[in-house]
Student: 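Okay, here's the structure, questions in a sec.
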Amino acid sequence: MLTAAGRSAEEIARNLSDGVTLKTGPYRFRVVSGEMGVARGLSTLYNGFPVGPDEGLRDFHVSVGRVAGPRRWFRPQVNFHQDDQTPFKPLPAAQAFALFEWGMNWCIATRGHHYLLLHAAVLERNGRAVVMPAQPGAGKSTLTAALMLSGWRLLSDEMALIDRDDGLLVPLARPVSLKNRSIDVIRAFDRSAVFGEVAHDTHKGTVSHLRPSRESVRRMDEKARPAHIVFPKWVEGADAVLTPRGKADAFMHAASHAFNYSLLGRLGFELQANLIDASECWDFRYSQLDDALRIFESLCA
Amino acid sequence: MNISDRWAVDSTRLVSWRHWGAESVAHHALSNHTHRLAEPSGWILDWLNRDGAQTGDALAAAAGMDPELVHAVLQDLASLGLIVRC
């Protein structure tokens, strides 16, 4: 399979109209779209990912395309489809790539039940993975982006996939979704960081995606062993403080961030308990990225 | 009719639990509910699982605990479906 590296948006767009296969971690998506925004996003942010011709087995068949009727031309809107399902309301065409990303998340969250799925970021350093479940607005993605740009391997910004056979964390290594002030914070943190287009006025505010590091993409098939569960919370002006959290409490809190804990029944319980067994559990408050990075370095030294 | 004072874990195939220090969580497969348990609930589940059915008085004597407390915990565990009279 080829990669998107060095392929222009125009070249990808030509292939996309017929369909391409995008591999991210364990999943293969068949993607069809006539939207240049999707092609530009793939060219910029999936650089290095396997993007191949329209063939072979795929886990998900997705498309992003214009709605029918006047909205095809006047203030155009796009829909995301997975097979014959349309899970979201149409969005402005300028948000096509963000919609594509959210759609891919939806596919995994609603169908990936051969894993325990937590709404959490996952990063790895020195063979030890940190799982960060968090509510929206807790600063998870900002911290994730800063860690990745500081050399940590990104497994996921959005979903922890826990393998039912060995309890290890399975990478996705997809772009990091940053919102509102976080976009400028990360631009200032690393001037060489590569961003996709900025989508304004989405239901999450202003959104832009950050390209995953080359190392994260190169190792997207390499699972990681859990070592820490950290519940982050950005608090303006707060010193960076890591506080131990009881494991039973961490269990219940992490389970509340799972997409499919209840669906998996006893297996979900066992996988979650194994994750807690293998991990030290922490609450983490921070306001400054540099302080946060220092503490994370000591966690996985 | 006599109501037995002997208790047992509902079924080791239906109830799973883990301890971390003084904290425990338990899962009941039929209800698919997960419960966070305070001590000595986890210890009592362990004891019943290891030694089979026990009376509340026997458990209290073995652990040197207040029988009233043990009976109250047994009632709580039973209300969650984690243990049954036998």
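Lettering of chains follows the sequences in order, A, B, ..., and the numbering in each one begins at 1.
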Student: Do A:Ile276 and B:Arg18 make a side-chain contact, defined as non-hydrogen atoms from C-beta onward lying under 4.5 Å apart?
Tutor: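 Counting from C-beta outward, A:Ile276 and B:Arg18 never come under 4.5 Å.
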Student: Is it true that, when you exclude A:Lys233 itself, more than 12 heavy atoms of the residues, nucleotides or ligands shown sit nearer than 6.0 Å to its NZ?
Tutor: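 Result for NZ/A:Lys233: open.
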Student: Does any part of the side chain of A:Phe269, heavy atoms only, come nearer than 4.5 Å to the side chain of B:His28, both counted from C-beta?
Tutor: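 Not touching, per the 4.5 Å side-chain cut-off.
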Student: Is it true that atom CZ of A:Arg245 has more than 12 heavy atoms of other residues, nucleotides or ligands lying nearer than 6.0 Å?
Tutor: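 For A:Arg245, atom CZ is crowded (more than 12 foreign heavy atoms under 6.0 Å).
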Student: What part of B:Ala38 gets within 4.5 angstrom of chain A, counting heavy atoms only: side chain, backbone, both, or neither?
Tutor: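 For B:Ala38, there is no contact with chain A at all, as no heavy atom is under 4.5 Å.
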Student: State the NE2-OG distance between B:His27 and A:Ser262, to the nearest 0.5 angstrom.
Tutor: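 Spacing of NE2 (B:His27) from OG (A:Ser262) equals 7.5 Å.
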Student: Specify the closest pair of heavy atoms between A:Asp249 and B:Arg36, including all atoms of both residues, with the distance to one decimal.
Tutor: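 Closest pair (atom of A:Asp249, atom of B:Arg36, distance): OD1-NH1, 3.2 Å.
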Student: Is it the case that over 12 heavy atoms from other parts of the model lie below 6.0 angstrom from the CD atom of A:Gln288?
Tutor: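 No, CD of A:Gln288 has 12 or fewer neighbouring heavy atoms, counting only those of other groups under 6.0 Å.
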Student: If you draw a 6.0 Å radius around CG in B:Asp66, do more than 12 non-hydrogen atoms from other residues or ligands fall strictly inside?
Tutor: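 Yes, enclosed.
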Student: A:Ala273, A:Ala255, A:Ala248: which one forms the most heavy-atom pairs within less than 4.5 Å of chain B?
Tutor: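 The candidate making the most pairs under 4.5 Å is A:Ala248.
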Student: How long is the gap from CD on B:Glu23 to CE on A:Met252, to the nearest 0.5 Å?
Tutor: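 Between B:Glu23 CD and A:Met252 CE, I get 11.0 Å after rounding to 0.5 Å.
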Student: Once the angle between the rings of A:Phe251 and B:Trp20 is folded into 0 to 90°, is it parallel (under 30°), tilted (30 to 60°) or perpendicular (over 60°)?
Tutor: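 It falls in the tilted class, 30° to 60°.
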Student: Side chain, backbone, both or neither: which part of B:Thr34 has a heavy atom under 4.5 Å from chain A?
Tutor: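 Contact with chain A involves both backbone and side-chain atoms of B:Thr34.
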